[in-house]
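Below is one structure, written out as structure tokens; comments come after it.
Since we're looking at a predicted model, the values are computed, not measured. So that the names make sense, note that chain A is the first sequence line, chain B the second, and so on, each numbered from 1. Values reported hereafter were calculated over all heavy atoms of this structure, with side chains retained and with hydrogens, waters and symmetry mates removed.
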Amino acid sequence: MFFPQEFSFFDEFEEQTACAVAASALFRELAEKGCVDAADLDRMRQIEHKGDEIAHTVIDRLNRIFITPFDRDDIYSLTKEIDDISDMLLTIVRRVHVYKVQGQDPNLLEFAAVIEESVRAVERAVKGLRNHKVVGKDVMDACVEVHRLENAGDAMRDAMLAQLFETERDPVRVIKLKEIYQDAETVLDICEDVAHVVQSILVKQA
Amino acid sequence: MFFPQEFSFFDEFEEQTACAVAASALFRELAEKGCVDAADLDRMRQIEHKGDEIAHTVIDRLNRIFITPFDRDDIYSLTKEIDDISDMLLTIVRRVHVYKVQGQDPNLLEFAAVIEESVRAVERAVKGLRNHKVVGKDVMDACVEVHRLENAGDAMRDAMLAQLFETERDPVRVIKLKEIYQDAETVLDICEDVAHVVQSILVKQA
Amino acid sequence: MFFPQEFSFFDEFEEQTACAVAASALFRELAEKGCVDAADLDRMRQIEHKGDEIAHTVIDRLNRIFITPFDRDDIYSLTKEIDDISDMLLTIVRRVHVYKVQGQDPNLLEFAAVIEESVRAVERAVKGLRNHKVVGKDVMDACVEVHRLENAGDAMRDAMLAQLFETERDPVRVIKLKEIYQDAETVLDICEDVAHVVQSILVKQA
């Protein structure tokens, strides 16, 4: 009963981060395309839904299994935070669709690239957990990268908002883009939260 | 000392959900009336305050009592989430008052009806906890209903925001209504959070 | 190994609240000055960064130390919530800078005074924890003061938003100031969250 679970948790975390990477790649594809139609939104919904199901499986097992590879609270936080990445990306894509924001926006494109980079670093960090005694340094490097990208994202968002307030004459467009840029930065905050959990797990195992 | 507490927790959860139902009924009444004056706001404040006091009692007992009818963390989450329902309804009603949004808004009326339905399903789910071995299926049905209404609410909000951005010429009115519609959908999210806690309790008891 | 830690936690909480007080004093200074330049923002960042480092130390010790002066969850919540005070003040100051809001705003000045008062009450409450058997009543009085100021802040924000919506003709300025006033009120909510944790610690020790 409690022999192979340890591996399952790691497998599930990896599947979950694979969903987050897929969501970030789709987000970049849509930022390049410059609009979101109903079919695009549906693709993002499916990715998010798949990630959601994995998170539910993890939490369900956590409630039933006695021996876990690390602290129960950390498993719970990890699965929740990874889930939040695709969730927020879906929120952004839905806003772009509902608000009918159209045309390639260089700001959104820039954010999409940084987000994908950060989610891929999250993937490396989470993948290394399984084998942290050997690859602990790589895990830590990936976490540092996530923190660096979050800082970069803060500065990006601030510059974009300053420019938006100065140049955009249509207040309704200001409302729409302000929310979307702030949400985009939030994705990087969530990635940083995942990195924090990963680091805390490593500290406790040390 | 630890004999009758089990019943107290259930009694208090039921009183708390009764407050949430009262808040959702008042919200619908005010949406029908089409404005919120100081006396209306005060009525909502009193309902919220009563719910808040019950939540404090629950948390206070949780800190003092050794034996609880189910997992302490779940009791804590349940009381917090139920409390958040009336809290968010008060926030919305206060905004309608402070922002001086006047005249019956069919969107808000539609949201109020769905919110009341969802809060009543939450009430059925929470009421069934006491007796879950007999009425477990009814509890699960009520939770499914809450999830269905949350999905419906997402679609409603999106349609309303799309319409608002397209038809409303006054940007300040866009700012006000956008926030109120998003908050209304958040009430349905909170109901869904309650349903998640209820389901997790049932899983652990199974 | 586990003898002197008890004192360390208290020392660190006090250093953390000292950072929060410094942040609230700087916020008031900037509200009086009526603008935020890059150097001001940097000063706030340094205060926030120092508080952040203390929070990390607390959490790191919590993961390593077996005996703690009170409930581990409460230590975690306390350090997180105190940290959130400077965090939110940095967010506000950054917005004022990025949004180029200039000129002394009596509303912001009023909020800054109430925030500083509340953070100083938080400081008294947290300082009393170390010695709560003797100064328990002072701790409770400080918590009551924090709750009173949060209520006052709600009313202040509502009055300011009502006035803003009625008198400000520039919708983009409405967007900026609305967000800043709401964030200012959030600082008082966070102070209240700290007070709740302090009260819950006292209840458990009673």
Side-chain angles (χ1 to χ4, degrees), chain A residues 35-38 40-42 44-46 48-49 52-53 55-66 71-77 79-80 83-84 87-88 90-102 164-165 168-180 182-183 186, chain B residues 70-78 81 99 107 140 143-144 147-148 150-186 188-189 192-193 195-206:
Chain A
C35 75
V36 172
D37 60 33
D40 299 323
L41 181 55
D42 212 56
M44 188 59 102
R45 259 204 198 104
Q46 279 167 30
E48 192 274 338
H49 184 71
D52 211 42
E53 290 203 324
H56 279 117
T57 305
V58 170
I59 291 169
D60 179 68
R61 290 199 184 185
L62 202 55
N63 288 335
R64 296 171 192 267
I65 288 173
F66 193 69
D71 202 276
R72 310 180 81 79
D73 286 352
D74 287 332
I75 293 182
Y76 184 82
S77 300
T79 205
K80 278 297 243 184
D83 194 45
D84 283 349
D87 224 54
M88 186 49 85
L90 173 58
T91 294
I92 298 172
V93 166
R94 196 174 49 210
R95 289 205 215 282
V96 174
H97 176 71
V98 170
Y99 299 178
K100 297 193 176 59
V101 175
Q102 267 150 2
L164 182 69
F165 280 128
E168 179 59 57
R169 292 280 68 86
D170 174 9
V172 171
R173 207 171 147 83
V174 170
I175 297 171
K176 293 172 175 178
L177 291 179
K178 174 175 175 293
E179 193 175 35
I180 290 168
Q182 288 178 327
D183 285 348
T186 300
Chain B
F70 39 84
D71 202 277
R72 310 181 81 79
D73 286 353
D74 288 333
I75 293 181
Y76 185 82
S77 301
L78 195 59
E81 299 289 355
Y99 298 179
N107 288 339
M140 277 305 183
C143 291
V144 168
H147 295 306
R148 189 186 67 76
E150 194 278 331
N151 275 328
D154 269 357
M156 276 166 56
R157 178 208 51 208
D158 285 352
M160 290 172 192
L161 290 182
Q163 180 215 34
L164 182 70
F165 280 129
E166 261 163 57
T167 61
E168 179 60 57
R169 291 279 70 86
D170 174 9
V172 171
R173 206 170 147 82
V174 170
I175 297 172
K176 294 172 174 179
L177 290 179
K178 175 176 175 294
E179 193 176 36
I180 289 168
Y181 296 159
Q182 288 178 328
D183 285 347
E185 200 282 320
T186 300
L188 298 170
D189 287 343
E192 192 173 39
D193 289 337
H196 278 306
V197 181
V198 169
Q199 287 172 291
S200 139
I201 292 169
L202 250 62
V203 164
K204 291 181 200 169
Q205 305 275 327

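Only the side chain of B:Gln182 comes within contact range of chain A, judged by heavy atoms closer than 4.5 Å. Looking at B:Asp71, neither its backbone nor its side chain comes within 4.5 Å of chain A, counting heavy atoms on both sides. Residue contact with chain B, scored on non-hydrogen atoms closer than 4.5 Å, involves the side chain of A:Asp60 exclusively. Of the atoms belonging to B:Arg173, not a single heavy atom falls under 4.5 Å from chain A. Of the two parts of B:Glu166, only the side chain, counted from C-beta on, holds a non-hydrogen atom closer than 4.5 Å to a non-hydrogen atom of chain A. For a residue to count as touching a neighbouring chain, one of its non-hydrogen atoms must lie under 4.5 Å from one of that chain's; by this rule A:His97 does not touch chain B.
Annotation: the span from A:Ile175 atom CD1 to B:Glu179 atom CD amounts to 11.0 Å, rounded to 0.5 Å. A:Arg45 contributes atom CZ, which lies 7.5 Å from atom CG of B:Asp154 (distance to the nearest 0.5 angstrom).
Annotation for A:Val98 and B:Asp158: closest pair CG1-O, 3.2 Å, computed over non-hydrogen atoms.
In this structure, A:Lys176 satisfies the cation-pi test against B:Phe165, with its NZ or CZ atom closer than 6.0 Å to the six-membered ring centre and inside 45 degrees of the ring normal.
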